[in-house]
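Chain identifiers are assigned alphabetically (A, B, ...) following the order of the sequence lines, protein sequences preceding nucleic acid strands; residue numbering begins at 1 within each chain.
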Number of protein chains: 2
Amino acid sequence: MRTVTIADVARHAGVAVSTVSYVLSGKRAISATTRQRVLDSVRVLGYHPNAGARALASKRANVIALVLPLRAGMNLPVLMQFATSVVATARQYDHDVLLMTADEGPDGIRRVAASAMVDGLLLMDVEVRDTRVPLLRDLGEPSVLIGFPADAEGLTCVDLDFHQAGALCAAHLAERGHREIALLGAPEVVYERGTGFAERTRAGFLAEATGRGLHAVAVPCEETYDEVASAVKLLFDAHPGLTGLVVHNEAAVGHVLGALRALGRAVPEDVSVVAICPDDIAERARLTSVLIPAEELGREAVRLLMAKLDGLPAGSILLEPRLTIRESTR
Amino acid sequence: MRTVTIADVARHAGVAVSTVSYVLSGKRAISATTRQRVLDSVRVLGYHPNAGARALASKRANVIALVLPLRAGMNLPVLMQFATSVVATARQYDHDVLLMTADEGPDGIRRVAASAMVDGLLLMDVEVRDTRVPLLRDLGEPSVLIGFPADAEGLTCVDLDFHQAGALCAAHLAERGHREIALLGAPEVVYERGTGFAERTRAGFLAEATGRGLHAVAVPCEETYDEVASAVKLLFDAHPGLTGLVVHNEAAVGHVLGALRALGRAVPEDVSVVAICPDDIAERARLTSVLIPAEELGREAVRLLMAKLDGLPAGSILLEPRLTIRESTR
DNA sequence: GTCAGGTGTCGAAGCGCTTCGAAATCATTT
DNA sequence: AAATGATTTCGAAGCGCTTCGACACCTGAC
């Protein structure tokens with residue numbers, strides 16, 4: 001069963017090879033009758049263009065690389081949703097997806113780029129000081145990052161708008177009449193690393209709360225139960241009138257609820273809790289939350305990458321956060 | 001920055017293009033001095049072979065497709081471990097991985113195979129009557145399946161040996177002196193679908209138990225708490241002397257423990273529980289368990305596929321189950 | 001000194017596709 | 001009726017690589 005080539009199609013349809021190519025790519029006008037004849041032959045013979053040959057001749061592989069941080073400890077549901085969305089969206093643009101793990105590091109990126117195996121790259125979970133970022137810059141390979149590195153100048157990045165997410169949570173609590181609220185954030189070290197999203201959430205939260213004349217504080221939060229409990233206790237000791245809590249730390253969310261219970265503060269009767277975390281965690285605990293829009297992230301990332309492949313300029317975008325109201329706020 | 005071609009390397013090293021090719025592929029003997037000169041040039045120029053050209057000329061893409069069931073409700077940790085392992089192992093064989101979702105279905109497989117985009121396929125989560133299996137058969141594309149379809153004749157499959165896993169659980173309980181044991185399996189519909197692994201576990205469990213002269217029963221098990229609780233209750237009503245339980249249903253594991261607690265049966269004091277489930281679930285609940293060896297599965301699957309690509313015959317393999325003893329059995 | 005048989009290297013022919021310039025065809029205009 | 005311009009199709013030249021057959025050289029045997 002020899003594979004069907006474009007020459008077979010051409011012969012079968014009684015036209016030149018180039019004509020078949022033009023019918024398939026639509027890059028030149030072909031008369032309706034010829035076009036139909038060619039398409040019929042394609043169908044009859046079951047022709048599929050050879051990817052290698054096409055890539056070689058056109059200098060376009062029609063493949064994008066998806067670089068995932070496939071290490072333990074990732075938020076898997078988010079990652080999965082994202083990957084699924086990327087694959088599906090890429091297919092819509094007639095592209096396939098090459099899966100890479102972050103642990104091949106910069107070399108892997110250099111390799112696939114230099115071998116023209118992919119036309120562009122999608123990097124998930126970009127860190128603030130990511131070693132791959134400078135490489136990406138001078139490699140000149142079209143790419144889209146999920147997350148913002150320290151210096152995003154000249155790069156295309158997609159992320160949730162954490163500033164607005166923080167603000168949204170503060171606003172939600174304010175509208176419910178809470179006057180004294182707090183943000184329990186990421187562990188200390190995360191802020192020290194200068195991780196963008198933690199910092200931005202905090203800024204948005206404080207700005208919005210202050211703007212609305214609320215009394216607001218933001219404190220970091222470790223992830224073991226004991227540390228969370230003591231942080232919560234300290235918070236209420238210092239601010240007895242606290243009635244609203246925003247938790248931006250998925251690992252700590254459960255412990256915060258436990259700690260509140262231990263302190264005898266009922267949710268949502270005594271204190272309202274808003275989480276910024278993946279949907280499944282919030283769903284399970286019935287928490288009002290701002291979710292990570294993984295699917296939208298994937299879709300937008302691919303869209304932007306495709307635009308870049310077409311030579312269009314593509315700026316970074318921040319996705320608007322959406323608050324889902326559940327049972328933990330009133 | 002034009003890309004470096006093999007001709008550039010040849011010129012730089014003062015040899016013919018074919019010589020460079022042979023140095024790189026090792027398919028013909030090249031003198032040590034020439035080889036070194038070529039390798040130096042490769043390094044100096046930063047040469048990476050063009051994947052498309054290579055694929056076209058050699059009819060080998062050096063890419064394998066990984067078809068994952070990226071739908072909700074999958075066991076994500078297992079899937080992730082598996083994917084990671086596949087990518088890492090493939091890289092060891094100098095191959096890359098094209099990520100596909102099962103929802104492109106048979107057409108997707110036909111497409112990537114016909115376009116010579118991949119050399120072989122890895123399908124995860126194969127169902128008993130999988131529409132892709134007949135296609136795979138007559139497509140003749142090298143492939144390895146994770147899981148066993150109804151008729152595995154002529155196919156290469158890799159899976160945990162569920163029969164032995166069931167037997168292992170029964171044996172473990174028998175050795176601990178339990179005389180009356182039960183298997184809580186998958187939901188009814190799963191058996192009705194004829195899903196292989198559920199059935200095989202049950203068979204192995206019953207065979208081993210019976211062989212050792214134990215009194216054993218196997219019942220299906222739904223996945224909501226209420227249904228699990230009533231199933232557990234019915235089980236103990238019918239078999240008051242029951243002291244050993246095997247749970248082969250990851251979604252129900254937690255509920256089973258809850259139901260036992262509700263019935264006032266302590267684990268492991270009154271009843272020993274063995275689970276067949278992913279490691280993380282068992283780990284969290286401190287359950288003695290047989291885990292799904294996702295990483296090994298990925299590694300073996302790639303190994304088999306590579307063997308097939310080299311034209312070697314590759315039979316199916318069943319991975320030996322391993323029991324991890326934790327705190328739920330005595 | 002010649003010849004057989006290795007080694008090591010080269011040149012050229014593709015692999016299947018895209019794309020460019022040119023040819024062929026047809027419809028309009030003068 | 002010839003010339004012009006559009007429209008449609010063709011042919012051929014690559015894209016960068018692998019691989020086959022051939023050539024050149026060297027060794028050792030006779």
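Fit an axis to the five pairs at each end of the helix from C/dG1-D/dC30 to C/dT30-D/dA1 and the two axes sit 60° apart, to the nearest 10 degrees.
B/Asp107 and B/Arg110 are joined by a salt bridge, as a carboxylate oxygen and a charged side-chain nitrogen come within less than 4.0 angstrom of each other. Ionic pairing of B/Arg137 and B/Asp130 is not present here: no N-O contact between side-chain nitrogen and carboxylate oxygen is shorter than 4.0 angstrom. Between A/Glu296 and A/Arg322, at least one side-chain nitrogen of the basic residue sits less than 4.0 Å from a carboxylate oxygen of the acidic one, meeting the salt-bridge criterion.
Contacts between residues 40-49 of chain A and DNA chain D, defined by a heavy-atom separation under 4.0 Å, are absent. Of the residues in residues 21-38 of chain A, those placing a heavy atom less than 4.0 Å from an atom of DNA chain D are A/Tyr22, A/Arg28, A/Ala29, A/Ile30, A/Ser31, A/Thr34, in numerical order. Sorted by residue number, the members of residues 4-19 of chain B with any non-hydrogen atom under 4.0 Å from DNA chain D read B/Thr5, B/Ile6, B/Val17, B/Ser18.
At least one donor-acceptor pair under 3.5 Å links the side chain of B/Lys308 to the backbone N or O of B/Ser143. In this structure, the side chain of B/Thr34 does not engage the main chain of B/Ile30 through any donor-acceptor pair within 3.5 Å.
Residues B/Asn50 and A/Ser115 are not in side-chain contact: their nearest non-hydrogen atoms beyond the backbone lie 4.5 Å or more apart. The shortest distance between side-chain heavy atoms of B/Asn62 and B/Asp96 does not fall below 4.5 Å.
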| request: Start with the C-alpha distance between A/Tyr93 and A/Leu309, add both sets of side-chain angles, then the distance that settles side-chain contact (heavy atoms from CB on, under 4.5 Å), and finish with yes or no. | output: CA-CA 11 Å; A/Tyr93 288 90; A/Leu309 295 188; over 6 Å; no
| query | When you look at B/Asp310 and B/Arg60, which way does the salt bridge (Lys or Arg N to Asp or Glu O under 4.0 Å) test go after all the steps? | reply | CA-CA 11 Å; B/Asp310 291 343; B/Arg60 287 281 237 117; 3.5 Å; yes
Identify each donor-acceptor pair in which a side-chain atom of residues 10-22 of chain A lies under 3.5 Å from a protein atom, sequence neighbours left out, and give them as a table.
| residue | atom | partner | partner atom | Å |
| --- | --- | --- | --- | --- |
| A/Arg11 | NH1 | A/Asp8 | OD1 | 3.2 |
| A/His12 | ND1 | A/Ser41 | OG | 2.7 |

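Nucleotides of DNA chain C lying under 4.0 Å from heavy atoms of chain A occupy a range whose first and last members, 5' to 3', are C/dG16 to C/dA22.
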